[in-house]
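As structure tokens, the structure follows; a few thoughts come after it.
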Amino acid sequence: MKFASFNVNGINARLPRLLEWLDEAKPDVVGLQEIKAEDDKFPRMAIEAAGYHALLRGQKGFNGVAILSRRPLDLVADQLAGDADDRQARWIEAMADDVHFVCLYLPNGNPAPGGKFDYKLAWMDRMAARAAELLASERPVILAGDFNICPTDFDAARPDLLAGDALTRPESRGRFRALAASGWTDAIRAAHPHHPCYSYWDYQGGAWAKNWGMRIDHLLLSPAAADRMHDCGIDRAVRGAERASDHVPVWLRLD
DNA sequence: ATGGTCGGGAACCGA
């Protein structure tokens with residue numbers, strides 16, 4: 001089975017690109033982030049016509065996550081536990097056959113320091129608690145999404161321009177590193193240790209033309225999932241299309 | 001060089 005994650009930056013603006021990519025890449029399951037739409041604006045007809053079921057936790061104007069799947073999904077959760085007052089649509093979990101698939105959109109956290117950065121760190125602590133529960137299940141689990149974390153300087157073309165950024169600050173990187181060390185495999189980095197594998201290029205400043213990218217979209221695998229991975233990659237060419245998202249899909253195959 | 005790019009949704013906010 002092929003699993004993927006794609007921050008589309010607006011499901012309706014990106015619908016032609018998304019449908020093209022689904023047709024070419026043929027993922028079985030894909031997590032989408034920043035759909036920026038609620039259920040009534042979600043292009044369900046077009047998604048279903050392409051052969052996909054959809055579960056979503058939408059939000060008007062901002063955030064919003066969805067899981068598409070060729071086979072029916074069983075919703076597990078559509079919010080991250082730990083703060084009943086948090087209404088931001090950033091988390092959805094479903095069972096895709098025997099795989100527990102989580103689609104997440106981790107807060108950006110800029111400007112840092114500040115309230116948005118505090119929210120990011122608290123959100124990461126809540127994520128760590130849920131991730132520990134999922135590990136304890138001993139099931140194959142995939143944490144897929146836009147983590148808004150650039151794990152090391154190797155994961156950015158211009159780390160010097162990111163000093164003090166919420167995506168690279170020690171508090172952010174430390175939490176990501178601790179999460180991985182608790183038992184999760186960073187699939188892209190494990191499969192491609194010597195290639196940067198950028199997944200995001202800013203719209204501003206000609207970042208794509210200069211290849212000033214960052215690796216911030218990740219697939220973290222529980223041990224039972226990591227044992228089954230046999231291929232993993234990034235669909236870099238998607239960034240070069242007309243009206244592209246600023247992110248590209250990341251994907252893996254499990255036996 | 002006092003801008004620069006998108007999406008959402010109708011003036012700015014978020015990234």
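Just so you know, these numbers come straight off a predicted model, no measurement behind them. All chains are named by letter (A, B, ...) in the order of the sequence lines, taking the proteins before the strands, and each is independently numbered beginning at 1.
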With rounding to the closest Å, how many angstrom separate the [atom1] atoms on [N] and [M]?
| N | M | atom1 | result |
| --- | --- | --- | --- |
| B:dA15 | B:dG4 | C1' | 15 Å |
| B:dG9 | B:dG14 | P | 14 Å |
| B:dA11 | B:dG7 | C1' | 14 Å |

Check the distance between [N]'s [atom2] and [X]'s [atom1] and give it to me in whole angstrom.
| X | N | atom1 | atom2 | answer |
| --- | --- | --- | --- | --- |
| A:Asp217 | B:dA15 | CG | P | 14 Å |
| A:Tyr119 | B:dC13 | OH | P | 19 Å |
| A:Lys36 | B:dA15 | NZ | P | 9 Å |
| A:Ile11 | B:dC6 | CD1 | C1' | 16 Å |
| A:Asn9 | B:dG8 | CG | C1' | 10 Å |
| A:Leu15 | B:dG8 | CG | P | 11 Å |
| A:Asn63 | B:dG8 | CG | C1' | 12 Å |
| A:His247 | B:dG7 | NE2 | P | 13 Å |

Connected-component partners of A:Val76 among ILVMFWY, side-chain separation under 4.5 Å:
A:Met95

Remember a base hit wins even if backbone is also touched, and classify [X] as base, sugar-phosphate or nothing at under 4.0 Å, heavy atoms.
| X | result |
| --- | --- |
| A:Arg17 | nothing |
| A:Tyr200 | nothing |
| A:Lys116 | sugar-phosphate |

Start at the 5' end of DNA chain B and walk down; is the nucleotide closest to A:Lys41 or to A:Asp146 reached first?
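Residue closer to the 5' terminus by nearest nucleotide: A:Lys41.
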
Hey, which of these two, A:Glu34 or A:Asn12, hits DNA chain B nearer its 5' end, going by closest nucleotide?
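The 5'-side residue here is A:Asn12.
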
Please confirm whether the shortest side-chain N or O distance from A:Arg243 to OP1 or OP2 of B:dG7 is below 4.0 Å.
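Affirmative; the distance criterion is met.
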
For nucleotides 1-4 of chain B, list the nitrogen or oxygen atoms of the protein found under 3.5 Å from its nitrogen or oxygen atoms, one pair per line.
none

Between B:dC13, B:dG9, B:dC6, spot the one nearest the side chain of A:Lys60, thanks.
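So the nucleotide nearest the side chain must be B:dG9.
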
Which of these nucleotides, B:dT5, B:dG8, B:dA15, is closest to any side-chain atom of A:Ala13?
B:dG8

Without placing hydrogens or testing angles, list every side-chain donor-acceptor pair under 3.5 Å for residues 246-255 of chain A, not counting sequence neighbours.
unit_1: A:His247; atom_1: ND1; unit_2: A:Asp217; atom_2: OD1; d: 2.8
unit_1: A:His247; atom_1: ND1; unit_2: A:Asp217; atom_2: OD2; d: 3.3
unit_1: A:His247; atom_1: NE2; unit_2: A:Asn7; atom_2: ND2; d: 3.4
unit_1: A:Trp251; atom_1: NE1; unit_2: A:Asp235; atom_2: OD1; d: 3.0

A:Lys210, NZ: over 12 other non-hydrogen atoms inside 6.0 angstrom:
yes

Regarding A:Asn211 and A:Arg239, is there a side-chain donor-to-acceptor distance under 3.5 Å anywhere?
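Absent: no donor and acceptor within the cut-off.
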
Do the side chains of A:Arg175 and A:Asp125 get close enough for a salt bridge, i.e. N-O under 4.0 angstrom?
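Yes.
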
For residues 40-54 of chain A, run the donor-acceptor check on the side chains, cut-off 3.5 Å, and write out each pair with its distance to 0.1 Å, sequence neighbours left out.
unit_1: A:Arg44; atom_1: NH1; unit_2: A:Ala54; atom_2: O; d: 3.1
unit_1: A:Tyr52; atom_1: OH; unit_2: A:Pro27; atom_2: O; d: 2.6
unit_1: A:Tyr52; atom_1: OH; unit_2: A:Arg70; atom_2: NH2; d: 3.4

With sequence neighbours excluded, give me every side chain to side chain donor-acceptor pair (under 3.5 Å) pair touching residues 177-186 of chain A.
A:Asp186-A:Arg215

Partners passing side chain to side chain donor-acceptor pair (under 3.5 Å) against A:Asp202 (at least two apart in sequence or in another chain):
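Partners of A:Asp202 by the side chain to side chain donor-acceptor pair (under 3.5 Å) criterion, ordered by chain and then number, come out as A:Tyr200.
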
